[in-house]
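First the proteins, then the strands, lettered A, B, ... as listed; each starts at 1.
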There are 2 protein chains.
Amino acid sequence: MIDIRQMRYFVTLAETLHFGRAAERLHLTQPPLSRQISGLEKELGVKLMDRSSRHATLTRAGQSFLEDARAVLAAFDQACNNAKRADRGETGELSIGFMMHAAHTVLPSLARRYLAAYPDVDVKLREVVPNVLIEDVLAARFDAGIMFSPGPVRGLETRPIFHEKLCLAVHCGHPLATRKIASAHDLEDQPLIVTSADSAPTARKAVEEYCRSGGYAPSIRLEAQLQNTIVNLVAENLGVALVPDSMRKLAFSGVSFLSLKNAPAIAHALVWRTGNLNPALRNLLAMTPAVKA
Amino acid sequence: MIDIRQMRYFVTLAETLHFGRAAERLHLTQPPLSRQISGLEKELGVKLMDRSSRHATLTRAGQSFLEDARAVLAAFDQACNNAKRADRGETGELSIGFMMHAAHTVLPSLARRYLAAYPDVDVKLREVVPNVLIEDVLAARFDAGIMFSPGPVRGLETRPIFHEKLCLAVHCGHPLATRKIASAHDLEDQPLIVTSADSAPTARKAVEEYCRSGGYAPSIRLEAQLQNTIVNLVAENLGVALVPDSMRKLAFSGVSFLSLKNAPAIAHALVWRTGNLNPALRNLLAMTPAVKA
DNA sequence: TCCCATTCATACCTTTTCGGTATCATGATC
DNA sequence: GATCATGATACCGAAAAGGTATGAATGGGA
């Protein structure tokens, strides 16, 4: 069977038109080269070289084969290099699902850094509602997800990458609305709007703990899944809420945001499927160290 | 060194994702395949397959390599096929130089037939004045030439492919101009315009022999190189001429053409350089048998 | 839970192929 | 006509490929 070595030999020979010198360039002696070339010709059933005792020249078929062989060798080397690059995560695909908050906080700089370091990776970013993100990652629809730190999930790895403080959202007609800052104490008996325990347990937990640090149990009036929804409900004057600072960036009419004394923080986490071997993911993880609370 | 065999093995394995079945399809047993694949991975420095005792799956790098390897194998096979086709003269180039007469006689059908049979050959047709065609062919500027049959030339092969009758061209005021047909006898003492002996010896010879068949020596007044020129000189009433029938196709004002009794013929010949190994030329020759006088 | 079947890897042997050395055949050059 | 350069051939040892036998790991069924 014809192989790539014979093509390499042939191309070198075609470039020198001299068996001896070609053999030298190929780091072998002349007889094996002669044999490989005539073997190639025999297997092709095509004479590629005209040999005189003085010169070796290419036949027409040889000229044709030379062009093609060069292209094949280039494609061959390219394939090997591409495999190495793919293995290093320099090419390929990386899909990241994220919740809206990430777009306001960690995602932009992370995406910029990653794309700068790995410009040939096809990065797909897609916003997803938080509660389906875990199953999307587990089902390999995404290589990674960015969401509020979930509890431990079987088959899922988690790494906190950013801690965002919470602030207080109140209706603009609320007594606290005129203040700049509030404390845990101020929230006693205030009807709270919180995230449901199953969709963002850490956010929920942070709120509850903050209340407990004020020495009372939170009075929860409403549960919603999205922070966005929560703030809208605050605007409707159905309660107050502790929401991530980044919510301030959005313009909500009828809502005032207050800073909190000893503000609790909520972790944004990078999550990925255990055993996901995508090298591009490996590189993403390498450039996003865990941050401590 | 990685070779094409390992790529073939890998592609087959990637298509079956099963070492045993892939080996079967490759007409070998499983252990050598396992070894070749791990050898390939080792030489690339890249893991291409994830093996469990149940399934074999492609890594990301393996997926990348699979695509590239398929392209390489296709290019490889293409190169081999192209070489065979080039060797059979089905691809490549064929350059043909021809004199004007050929364009009125043999060339069109010949070119059509050839192109129909070998559509992938890049045929280059170029008109040349006859007296330089021989040296052009000898200098390999053309693979073949079509011209009035020259005498034997060292390094040149010749094959008559068409015999064209001569006719008589006279000025429209000439006494013979009213007739439809003339004989050798009628030309006695008529001043003849002929081609020079070096540019078209067979044409010249045909004229001289025709006169001798009438029992007299030709009286040559003028020599020119191109038949076109000759007819123009006839139009200027400087003499009469025996010219190829195909000259009738051209509209010359002031010239009448007469058929000749026992009209002599002149051979159009295909000429090519001795030892020209262009396979496309071989095919041209194969489809243009020599014709007898 | 234990056993078996499946699957890939490894060990060892045989065959094939490859490259090296020595030498031959051919044809151009002096 | 002797010589030199070039490619082909013959033969040998080394490397690599494939085959058989067998081992290790693991998932599924009794």
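- Side-chain N/O atoms of His55(B) include none lying less than 4.0 angstrom from OP1 or OP2 on dT7(C).
- Between Leu26(B) atom CG and dA17(D) atom P there is a gap of 14 Å when expressed in whole angstrom units.
- dA16(D) atom C1' lies 11 Å from atom CD of Gln6(B), rounded to whole Å.
- Put simply, the side chain of Gln36(B) and the base of dA17(D) share no donor and acceptor less than 3.5 Å apart.
- The listed nucleotides are dA9(C), dG20(C), dG7(D); the one nearest the side chain of Leu28(A) is dG20(C).
- Look at Arg51(A) and you won't find any side-chain N or O under 4.0 angstrom from OP1 or OP2 of dT6(D).
- A distance-only check finds no donor-acceptor pair linking the side chain of Glu157(B) to the backbone of Trp272(B) [under 3.5 Å].
- A donor-acceptor contact under 3.5 Å is not formed by the side chain of Arg35(A) with the base of dG7(D).
- Put simply, CG on Leu33(B) is 12 Å from C1' on dT7(C), counting in whole angstrom units.
- Judged purely by atom type and a 3.5 angstrom limit, Arg85(B) has no side-chain atom pairing as donor or acceptor with the backbone of Asp120(B).
- Two residues, Gly20(B) and Met1(A), neighbour DNA chain C, and the one matched to the more 5' nucleotide by heavy-atom proximity is Gly20(B).
- Atom P of nucleotide dT6(D) and atom CG of Leu13(A) are separated by 13 Å, given to the nearest angstrom.
- Candidate nucleotides dG19(C), dC8(C), dA8(D) were compared by shortest atom distance to the side chain of Gln30(A), and dA8(D) ranks first.
- Thr16(B) contributes no side-chain N or O that, together with a main-chain N or O of Arg21(B), makes up a donor-acceptor pair within less than 3.5 Å.
- Not a single donor-acceptor pair under 3.5 Å links the side chain of Glu93(A) to the backbone N or O of Asp122(A).
- Atoms CD1 (Ile37(A)) and P (dT6(D)) sit 17 Å apart, rounded to a whole Å.
- Using a 4.0 Å cut-off, no side-chain N or O of Thr29(B) falls inside it from OP1 or OP2 of dG18(D).
- Summarising the geometry, the separation between CG on Leu40(A) and P on dA8(D) is reported as 13 Å, rounded to the nearest angstrom.
- Neither OP1 nor OP2 of dC8(C) sits under 4.0 Å from any side-chain N or O of Ser34(B).
- The Phe19(A) side chain lies nearest to dA8(D) when the options are dA8(D), dT7(C), dA11(C).
- Rounded to an integer number of Å, the gap from Ile4(B) CD1 to dA17(D) P is 15 Å.
- The shortest distance between the side-chain N/O atoms of Tyr9(B) and the OP1/OP2 oxygens of dG18(D) is below 4.0 Å.
- In summary, Arg8(A) and Asp77(A) engage in a salt bridge, as defined by a charged side-chain N under 4.0 Å from a carboxylate O.
- Rounded to an integer number of Å, the gap from Ile2(A) CD1 to dT17(C) C1' is 16 Å.
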